[in-house]
Number of protein chains: 2
Amino acid sequence: MPETPVEAAKSLYIRRWGEMAASWGISRTMAEIHALLYLASEPLCTDDVMEQLAVSRGSASMNLRELVNWGLIRRIHRRGDRKEYFDAERDVWQMFDTIVRERRRREVQPIVETIERCLKMIGEGKRGLRGQAGKNAEAYKRRFTDILDFCEIMNTLFNLMSKTGRSGLKPLAATLGKLAG
Amino acid sequence: MPETPVEAAKSLYIRRWGEMAASWGISRTMAEIHALLYLASEPLCTDDVMEQLAVSRGSASMNLRELVNWGLIRRIHRRGDRKEYFDAERDVWQMFDTIVRERRRREVQPIVETIERCLKMIGEGKRGLRGQAGKNAEAYKRRFTDILDFCEIMNTLFNLMSKTGRSGLKPLAATLGKLAG
DNA sequence: TATCATTTTCAGAACGTTTTGAAAGGACTG
DNA sequence: CAGTCCTTTCAAAACGTTCTGAAAATGATA
């Protein structure tokens, strides 16, 4: 059967979404499954995923679970059907919020804590240092706090975006555009 | 020689920075080199990098080049010295701007273009479709435009942050905090 | 031009991540 | 409770990425 333009668009999008995700440290297959479910007009089951993306049962199972963990898709049970189905969040802003929150927790928080710890270590080590060593400690302190300050502002901005939410952000962006001239 | 607390902080930070980067799709070594240069109080040469991070000459060379490509470090030549030295951008906001700009160009732009292409394909394919097929096409169109709209707003926001710049962003975040109350 | 210091390159090795597929596990059904 | 349907698990394989190190290239100097 010949592929319609709509089907072609679907598979093109799925492929690119997977590629983009791969360059952001997210497994390609997981992202492809996400794209597939995002576009699908109804929940799909494991076999649908296996068939449409040509992946093994094991891979489909693990990646679906991971997506559920991230909070990007949910399991759906249907009365009288033993299969599990999966449905993606379709609100792009909600998706964004979920992803930012997860990545912050998993990947940003650890470095923030490390830097705080580094600052403490320098505070202890600095005592009694003279000359170059003391200057080095000061320079390190400065660079660590610079990053920490940055993280804090970013945090504020993202919380703000999250609070402002789906409907409010478009007008907010417009307002800001004027604000900055 | 015993490691001072300041040295310990340095190597702890370098390791964590590398780990974080790895989870964001950036090679660990490249990020470690970046962290090393960010902390260093003066430009370092290839041999310094090799020694301090215990990597091969080849790896040091390639990763340094990649960092120069990204615009995160610069080559420095010293009169009467054949060696090349490298120095990192130390302004965290400038760093952020550079990274966002690069990643947008490399990784976001392609997906935006793909989605635009998908919308065109659907526009063509939809003609004459009846019933379910037509509805599917409409649903796809909706989902594609949702993402596109999202990208546009993000774009605006980042351009804004970039324009507002280093000094202006801290007050801006504060203002926004009140604005969203 | 020959020599020396340095950087770059790249094939192969090492490594980490993801996938596979078969087997085990769960859970409902007749 | 045996059979069926479906999901999960996990060791081994496949795969992609990054690193290594020796050789080639570069480019300054004598």
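Using a 4.0 Å cutoff on non-hydrogen atoms, the parts of residues 57-66 of chain B near DNA chain D are B:Gly58, B:Ser59, B:Asn63, ordered by number.
Using bins of under 30°, 30° to 60° and over 60° for the plane-to-plane angle, the ring pair A:Trp93/B:Phe150 lands in the perpendicular bin. A:Tyr38 and A:Tyr13 have tilted rings, their planes meeting at an angle from 30° to 60° on a 0 to 90° scale.
Here the P atom of nucleotide D:dT8 and the CG atom of A:Asn69 are 11 Å apart, to the nearest Å. For B:Asp48 and C:dT7, the CG to C1' distance is 15 Å, given to the nearest whole Å. In this structure, CD of A:Glu84 is placed 11 Å from C1' of C:dG26, rounded to the nearest angstrom. The CD1-P distance, from A:Ile26 to D:dG16, rounds to 19 Å in whole Å. Taking atom NZ of residue A:Lys83 and atom C1' of nucleotide D:dT4, one finds them 13 Å apart after rounding to whole Å. In this structure, A:Arg28 places its CZ atom 17 Å from P of D:dA14, rounding to the nearest Å. Rounded to an integer number of Å, the gap from A:Met50 CE to D:dT8 P is 13 Å. The distance from atom CZ of B:Arg79 to atom C1' of D:dT29 is 16 Å, rounded to the nearest whole Å.
Of the candidate nucleotides D:dA28, C:dT29, C:dG21, C:dT29 has the atom lying nearest to any side-chain atom of A:Arg82.
The side chain of A:Arg75 places no N or O atom within less than 4.0 Å of a non-bridging phosphate oxygen (OP1 or OP2) of D:dC6.
Ion pair B:Glu7/B:Lys10 not flagged as a salt bridge, since none of the NZ, NE, NH1 or NH2 atoms sits closer than 4.0 Å to an Asp/Glu carboxylate oxygen.
When each of A:Glu102, A:Gln109, A:Glu107 is checked for a side chain to side chain donor-acceptor pair (under 3.5 Å) with A:Arg105, only A:Glu102 meets the rule.
A residue-by-residue look at A:Asp47 and B:Val55 shows that A:Asp47 has its nearest nucleotide of DNA chain D further toward the 5' end.
A single hydrophobic cluster is seen to contain both B:Trp24 and A:Phe96, as judged by linkage of ILVMFWY side chains at heavy-atom distances under 4.5 Å, directly or through other members.
Here A:Met62 is tied to no hydrophobic group at all, with no ILVMFWY side chain closer than 4.5 Å. Cluster partners of B:Tyr85 are B:Ile76, counting Ile, Leu, Val, Met, Phe, Trp and Tyr whose side-chain heavy atoms approach within less than 4.5 Å, directly or via other members.
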